[in-house]
Amino acid sequence: MSKEKQLIKFTKKGIFCPKGKFYLDPWYPVDYAIISHGHADHARWGMKRYLCTDDSKAILQHRLGADISIESIPYDASLTINGVKVSFHPAGHVIGSAQIRLEYKGYIVVFSGDYKTQPDFISTPFEPIKCNTFITESTFGLPIYNWKSENTLQNQLQSWVKTNQANNRTSVFLGYSLGKAQRLMSILDGCDEIYVHRAIHNLNEAIFSSGIELPETKLWSADLDKKTLQNKIIIAPPALLGSRMLKRIPNVATAICSGWMQIRGNRRWQAVDAGFVVSDHADWNGLISTVKATEAQQVYVTHGSQAVFSKYLNEIGIKADELKTEYGDEALAKAEKETENIETK
Amino acid sequence: MKQFSDLISAIEITNKTNAKIDALVHYFSTAPDKDKLWLIALFTGKRPSRPVKTTLMKEWCMELTNISEWLFLESYSTVGDLGETLALLLPEPTYNLDLSLNEWMTQLKALKPKSDEEKKAFVLKAWRGLEQQERLIFNKLIGGSFRIGVSKKTLVNALAKLTNIDANQLMHSIIGNWEVHSIAFEELVHGKHINYDNSKPYPFCLAYALEKNLSELGEPDDWMVEQKWDGIRGQIVKRNNEIYIWSRGEELVTKQFPELVEAMSNFKNDFVIDGEILAMKDNDILLFNDLQKRLNRKNVTKKLLEEVPIGFKAYDILEYNGNDLRELPFEERRRRLEFMFNLLALPEHIELSFLVDFKDWKELYTIRDNSRTINSEGLMLKQKKSPYHTGRKKGDWWKWKLDPLTIDAVMIYAQKGSGRRSSKYTDYTFAVKKDDALVTVAKAYSGLTDKEITEISQWVNKNAIEKFGPVRTVKPELVFEIAFEGIALSKRHKSGVALRFPRISRWRRDKPVDEIDTIETVKQLITAP
């Protein structure tokens, strides 16, 4: 058996490490799961044991239950499991997100999970890891996706809030509770009072309890006086779009924050007032520079534009194959909604 | 161009017509005179001809970004718009180019006769000096359409709100003959270049769908009945040797139908008549899909004139030699209309809409059922004493349409839409069974909710057979009920049949694929004429 095959095997339940006898972000219940980050398409319910980063631990407990069997280690520390050396390295995707590095007899496999190469104000910055085999996501694997810097985004978002205030409107930002919400908080910090939906509020509490500092926010509850919210900022999960809770606030301007907003058609598809390109994934140049920096001899491309990105990598002389997984944006949207059990009525 | 760019951003993000109108009003109250005129020109089809070929722009972009063609095309099929694809692929600007809309348009006009090398230098310089959104607009100014839901009517409504001038007059003004360089904005909106008295239309009289039994309408003898032709309702205005054609949507469509204008010039007197514009060839009324080929064209080519000839069926007369006839009973107006038409030998297909001959209500049921064989959508019932009402009024006119035909078919191809729909798979091809295989019977892209479209798009992403290119072949699994107005044998279609105005009536999640219709059962829907 090749060294790679001893380390990773692609099964119906997820990516399996035969030598270490554990799975990476499995989508079906297994005995031992190593989790890259807390998003619901990666951290699923029903594993007998979980291993994650210290920063992810509280998030997983909050989302999957306080009674799960879970261990954690810091970034860059390592643990040997059945002879396989396992370590986590910052992925820059959301708080606590990691790439998972496996090493056995000098052969190194890195599973990227989801990652973002551009620094933001809140996640531990991404760093590429040299390896033999690299498993990369490809959510935005087309050259049309290139992101602006965090400072440019901050200017865009804050000036939108100011315009809304001048027109007597409350600014509502929609983004996932884990990741996007905290990032928006950091971008909008100091602009005005920020109210967050209960799902985000509870998650923030969990993150805060594990010792991570977050910008100050208030809970947006249904019984708040409408006047209190007037001209302020609200951050809510995307499932709230069109909900009664949102409709109750007079004069709102709603913005969706997502990498998909790069395309006009996507911005216009939803009946919102603005679409901002705020992505927690690597853009085209981020994906390419990362793959190159890993110096991997074999790349597997998962969720997103796997056909395009692997074809491109082969074209520039990097051996790459597509890998079908159960991760990705659509799975995430569905799973996040279920995990948080958000009441949208 | 910042101002124009902001306007486009404001318009494209909203799907509320009032918000679009407000954004336009804001632009018209703040932009320089020439820029306002250019805006009107751009949205009314008066743009100068394309100075640079899009294939060249694509080539230059590929060269600049070092992207191979397949990757460019893959990007294009994801974005769904060439100008936007270019704007997204190009590298960040290196300096700031700030010209007004008028300056850009003037330079683009001057670019037309230049060499490809000169054009390239110009375009590259512009690309380097513009932000993403401005760059997109620049690409659109060269040749694309904006597809942001600003019709002539929306534009006119914005101008009307700004100026308090009558909307139909404004419509005539902006459609009329004018050039950006030889008119001022104030002159244009006040119609200095036109004589609105010659074109002024009347509001259309509209009918409600019949909601009671025929017998409740009273005596059959008090009613006149016509076929309900399925074309475009049009009002033809002829005054002082000028001819204008207004559509029901209150747009001036005169230039789209030169054969109608020519035919109408046969009449000596002045008049305003109401009728149906149809595509007619030999003895047949063509499908609405064919008629659509003639709509909203900047130039009507000779080939198109031959392929899809236009006819007109007259319903009513509203004015004759300057006299408003609308208060006369329909019976009397009809008599005058017949008199006018019978006096002249008119070109083929310019005719009266014939009256249906019937004695009692029962007979009308059979007649209505046969309407489909002559490509009519049903019947129109008009009270003989009725005046020509302004707008929709209950009681005097009723439309009595045929129920649509339906079949169950399976989706086999999906394609992305355009504009707002460019991010989703919205255009589908459907098939029915033919022996052990499937055969395409219809394409449809309307009838589903946004939520259903989103769900289907996700399903297509997961179940597509191809990985590249704009069209996705999908597993034949999703079954839909397709409604349509008529069906005819056709040699041009592989299935042997052509459906008239097919659309999705519902998603049959309950129905398995093996229960869809067969081509035989579909053909049984054809009624012999």
Side-chain angles (χ1 to χ4, degrees), chain A residues 140-149 152 156 160 163 167 238 241-242 253-256 258 260-277 283-285 288 301 303-316 322 324 326 328-334, chain B residues 8-16 19 61-62 65-68 70-81 83-92 131-133 136 146-149 416-424 426 450-451 453-455 457-459 461-462 464 466-468:
Chain A
F140 293 104
L142 272 175
I144 49 175
Y145 298 113
N146 283 300
W147 314 144
K148 302 263 185 287
S149 74
T152 309
Q156 270 181 15
W160 187 71
T163 310
N167 296 317
L241 185 60
T254 315
I256 293 185
S258 153
W260 303 113
M261 295 298 114
Q262 178 85 335
I263 296 174
R264 282 160 77 222
N266 289 335
R267 289 199 293 271
R268 292 168 60 199
W269 179 255
Q270 311 268 15
V272 290
D273 303 288
F276 292 110
V277 188
D283 63 5
W284 174 253
N285 288 325
I288 293 169
V301 183
H303 57 302
S305 318
Q306 60 264 44
V308 171
F309 193 52
S310 54
K311 180 171 173 178
Y312 177 80
L313 289 178
N314 282 308
E315 201 174 82
I316 60 169
E322 289 177 51
K324 206 170 169 333
E326 301 278 318
D329 225 49
E330 282 159 8
L332 174 64
K334 194 165 166 276
Chain B
I8 299 296
S9 303
I11 290 175
E12 72 172 10
I13 196 69
T14 180
N15 48 19
K16 298 184 189 90
C61 171
M62 281 163 52
T65 53
N66 209 5
I67 283 176
S68 46
W70 73 269
L71 194 53
F72 183 92
L73 293 175
E74 207 47 45
S75 302
Y76 179 30
S77 74
T78 298
V79 176
D81 180 293
E84 188 183 352
T85 310
L86 296 168
L88 290 173
L89 289 174
L90 291 163
E92 291 280 305
E131 288 290 339
Q132 200 167 292
Q133 170 79 1
L136 162 69
F146 284 94
R147 285 190 189 278
I148 49 173
K416 284 186 176 165
S418 56
R420 191 181 85 90
R421 296 157 68 99
S422 67
S423 62
K424 305 275 180 222
T426 58
D450 280 2
K451 217 176 148 190
I453 291 173
T454 304
E455 198 181 331
S457 292
Q458 290 176 2
W459 183 88
N461 278 333
K462 279 201 188 115
E466 295 94 353
K467 289 173 183 164
F468 300 100

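Side-chain atoms are counted along with the backbone in the values below, which use heavy atoms only and exclude waters and symmetry mates. Order of the sequence lines fixes the chain letters, A, B, ..., with proteins taken first and strands second; residue numbering starts at 1 for each chain.
In this structure, A:I263 and A:I144 approach most closely via the heavy-atom pair CD1-CD1, 3.9 Å. Counting all heavy atoms, side chain and backbone alike, A:M261 lies closest to A:I256 at CG-O, 3.7 Å.
Of the atoms belonging to A:L142, it is side-chain heavy atoms, and not backbone ones, that fall under 4.5 Å from chain B. Using a 4.5 Å cut-off between heavy atoms, A:Q262 touches chain B through backbone and side chain atoms alike. Of the atoms belonging to B:S68, it is side-chain heavy atoms, and not backbone ones, that fall under 4.5 Å from chain A. For chain B, the nearby parts of A:K311 are the backbone and the side chain; heavy atoms of each come within less than 4.5 Å. Proximity to chain A involves both the backbone and the side chain of B:E12, based on heavy atoms less than 4.5 angstrom apart. Residue B:L90: no heavy atom, backbone or side chain, is found under 4.5 Å from chain A.
For B:E74, there are no salt bridge (charged side-chain N to carboxylate O under 4.0 Å, His left out) partners, not counting sequence neighbours. In this structure B:Y76 satisfies the ring-ring contact (aromatic ring centres under 6.0 Å, His included) test with no other residue, sequence neighbours excluded.
A:W269 is not listed as a side-chain neighbour of A:W260, based on a closest heavy-atom distance of 4.5 Å or more.
For the set B:T65, B:T78, B:I67, the entry with the most heavy-atom pairs within less than 4.5 Å of chain A is B:T78.
With A:D273 contributing its side chain and A:A255 its backbone, the two residues share no donor-acceptor pair below 3.5 Å.
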